[in-house]
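Written below as structure tokens is the structure these notes are about.
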Amino acid sequence: MATFLYRLGRFSFRRRRLVALLWVVVLAACAFAAAKAPTAPEDGFSMPGTESQKAFDLLDQRFPGGNSNAADARIVFVAPEGQKVTAGPNKAAIEKIVADVAGGDQVKGALDPFKMAGAVSKDGTTAYSTVSYDVQSIDLTTATKKALEDTAEKGRDAGLTVELGGSALVPESEMGGTTELVGVAAAAVVLLITFGSLAAAGLPLLTAIVGIGVGVASIVAIGMSTTTTTLALMLGLAVGIDYALFIVSRYRTERAEGHGAEEAAARAVGTAGSAVVFAGLTVVIALAGLAVVGIPVLTKMGLAAASTVVIAVLVAMTLLPALLGFFQKAVLPRSRRKGHGGQRAKDGRPNLGTRWARFVIRRPLAVLVLGILGLGLISVPALDLQLGMPGDEAKSTSTTQRRAYDALADGFGPGFNGPLTVVVDAKAAKDPKAAAAQAAEQLTATRGVVVTTPPAFNEAGDTAVLTAVPATGPSSEDTTELVRTIRDEARGLESGTGATMLVTGATAVNIDVSQKVTDALVPYLALVVGLAFLLLMVVFRSLLVPLKAALGFLLSVTAAFGTIVAVFQWGWLADALGVEQTGPVMSMMPIFLIGVVFGLAMDYEVFLVTRMREAYVHGERPGEAIVTGFRHSARVVGAAAVIMIAVFAGFIGMSESMIKMMGVGLASAVFFDAFVVRMTVVPAVLALLGDRAWWLPKWLAKVLPQVDVEGEKLNHGGPAAPAPAPAEEPAPDPVRV
């Protein structure tokens, strides 16, 4: 591995113009393809094999032209204080608004609340109209959305309170925000402080931008939606900077040890690049493994992000050494650029990483216990983890969707915002109408259901749709229990009439997602952790180091869950983070966070421990190897973690609930993993284990391939030396830094 990457780094350095030009061409081609690609369809949320999805599929099949994924809107009218919506002027204004909306483009129909049963509250203060469209929300034109908003303004001008809800108002997925730019700026500052050179700080940013440019443009070009690309953008930027950071840092170290620019670049790619390749593989395994869950949108997000990580690795292996050829001296510390040799002298002094490592190995047991107890305390809120699919109730009170949600809850009851759609498949029943009527009676008699609509049949008369309104809100545990009860009662209906009753809707979907994620969690962990364990066993040639890495990951991820629960359920620091409404955690968040955090955790494990392994292989004692690893890697790993935290924290400012939650979860997980687990728990465990940490059975050592991540072959003659090149070949193009 090290030999191959050494040659690749040398080739890229020597053919820097060609390599740089090729990447520019690739970036331009991907950008052109993305610009010419048609607008990607909206990511439909499907869950094959679940009852909710079966019900949706049945509706599409038995109600042709109905399009269960089509956009809809709900216009909520609230009369002025002391008045009713049924009063003459108010009623006339509402009917005028509904008629105007019904005549708009892309509108399939708009229901008059005064001609629809149950659309006016019992106290007469609130009414609503449901607007259905012919297309999905992503296909709604700006003119159609503006027409809807304009009609709401007309109602407000008439003295009514008018609010809007529904999928027609779902904003387009965000690709970034101002806070993301702040994250990138913070990364630039950290890089500048770490390296003390504009060129050294700029190269990781430049290569990361090229990587995510190629990755995201490719994803858009093949037709994936912007929702899918958000994770790819987030991870591609973070790992792109980190991977380049490690290679640039190793290049500077090799130069300080007396190697010429070309040799230093080749060695940096051969050694640090080997760690980058294996770190990238662990991230790819974790992301691609999300396909095990069986939720298509999660699979797409994982594969898209994994492809971007692969591109980030390729950029670090080829474009970065090419750019080092243009900035041979500019990336070095100022003392080295001036020829004082100050860096080599500085390397002999104990730095902060060295002092911290020595502190830990003097008190390993106390440090280990303190670190585990601290993470355990932060993990306590995770015991109260509640999963759900937050809807309009999780939005800010400044949005019309949230105000519409609250108005409907006040006027019609908390369960009105989470109606259950019940589909009766009576094709096998002798009397479909009687079967549907029995289903309606059964639903009405079920405790917890306040309203049941009459069955609505399709043209063939073999399928009916009913709506059951719960007494409790959509995120209530009582509503979840109600769905389970209805599904249990459906068995009796089938045995008595031959008709099948399926329950779907937001609450039912949430239950099915939670169950599907729970069922997939153990197989997912077994697959991802198992593959990563084998990979790390090859890298470190040890049994206990990979085991320690996996257990450390569990500490990090549970602490991250505790942070998410504390913020998004309990409301701690909610105002500071822009979380205006607490509620359940996204159902997909646990398995998603586990996948991403596992990959990132293994990144820091590889970067930090490979340097320890390298020192141990070269003859140092276990304690000395720990100190050596920290002397060379602690500062860079710390800088990489701060950069990744800054990038992830930038996504906290985005309005989409899941993206905000991802930002908080990933930023906190990186902090816990890098600074508590890898910087504290890991050296403490290694110090306690001593030589046993690097033990590997002889029979297993013979079976495992020798990948030479430490670059041992490079230190003993290495590959056949190519024709020598000038060690200080000046950059062909003048570059001012």
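At a threshold of 4.5 Å between non-hydrogen side-chain atoms, the residues L298 and I591 count as touching. Looking at V670 and Y604, their side chains come closer than 4.5 Å, going by heavy atoms from C-beta outward. Side-chain contact between Y616 and V609 is absent, with no heavy atoms from C-beta onward closer than 4.5 Å. Counting only heavy atoms from C-beta outward, the side chains of I212 and L235 never approach each other to under 4.5 Å. The shortest side-chain heavy-atom distance between V538 and P705 falls under the 4.5 Å cut-off. I564 is listed as a side-chain neighbour of L593, based on a closest heavy-atom distance under 4.5 Å. P590 is not listed as a side-chain neighbour of L521, based on a closest heavy-atom distance of 4.5 Å or more.
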For residues 672-679, please give each side-chain donor-acceptor pair under 3.5 Å, one per line with the distance, not counting sequence neighbours.
unit_1 : atom_1 : unit_2 : atom_2 : d
D673   : OD1    : S556   : OG     : 2.7
D673   : OD1    : R678   : NE     : 3.3
D673   : OD1    : R678   : NH2    : 3.0
D673   : OD2    : R678   : NE     : 2.9
R678   : NH1    : E605   : OE1    : 2.6
R678   : NH2    : A549   : O      : 3.3

May I have the list of side-chain donor-acceptor pairs in residues 280-287 shorter than 3.5 Å, sequence neighbours left out?
unit_1 : atom_1 : unit_2 : atom_2 : d
T282   : OG1    : A279   : O      : 2.6

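Residues satisfying the side-chain contact (heavy atoms from CB on, under 4.5 Å) test with A291, not counting sequence neighbours, are T299. Partners of R363 according to the salt bridge (Lys or Arg N to Asp or Glu O under 4.0 Å) rule, which considers only residues two or more places apart in sequence or in another chain, do not exist here. Residues satisfying the salt bridge (Lys or Arg N to Asp or Glu O under 4.0 Å) criterion with E477, sequence neighbours excluded, are R484. For F246, the ring-ring contact (aromatic ring centres under 6.0 Å, His included) partners are F607, not counting sequence neighbours. The salt bridge (Lys or Arg N to Asp or Glu O under 4.0 Å) search around E620 returns none, not counting sequence neighbours. Under the side chain to side chain donor-acceptor pair (under 3.5 Å) criterion, T680 pairs with no residue at all, not counting sequence neighbours. Applying the side-chain contact (heavy atoms from CB on, under 4.5 Å) criterion to L370, with sequence neighbours excluded, gives no partner residue. Scored by the ring-ring contact (aromatic ring centres under 6.0 Å, His included) test, F553 finds F598 as partners (sequence neighbours excluded). Residues meeting the side-chain contact (heavy atoms from CB on, under 4.5 Å) test with A701, sequence neighbours left out: R541, L696. Annotation: side chain to side chain donor-acceptor pair (under 3.5 Å) contacts of S542 (sequence neighbours excluded): none.
A donor-acceptor pair is defined here as one N or O able to donate and one able to accept, closer than 3.5 Å; such a pair exists between the side chain of T207 and the backbone of P204. With hydrogens and angles ignored, the 3.5 Å screen pairs a side-chain donor or acceptor of S379 with a backbone N or O of A559. In this structure a side-chain-to-backbone donor-acceptor pair under 3.5 Å is missing from R252 to A200.
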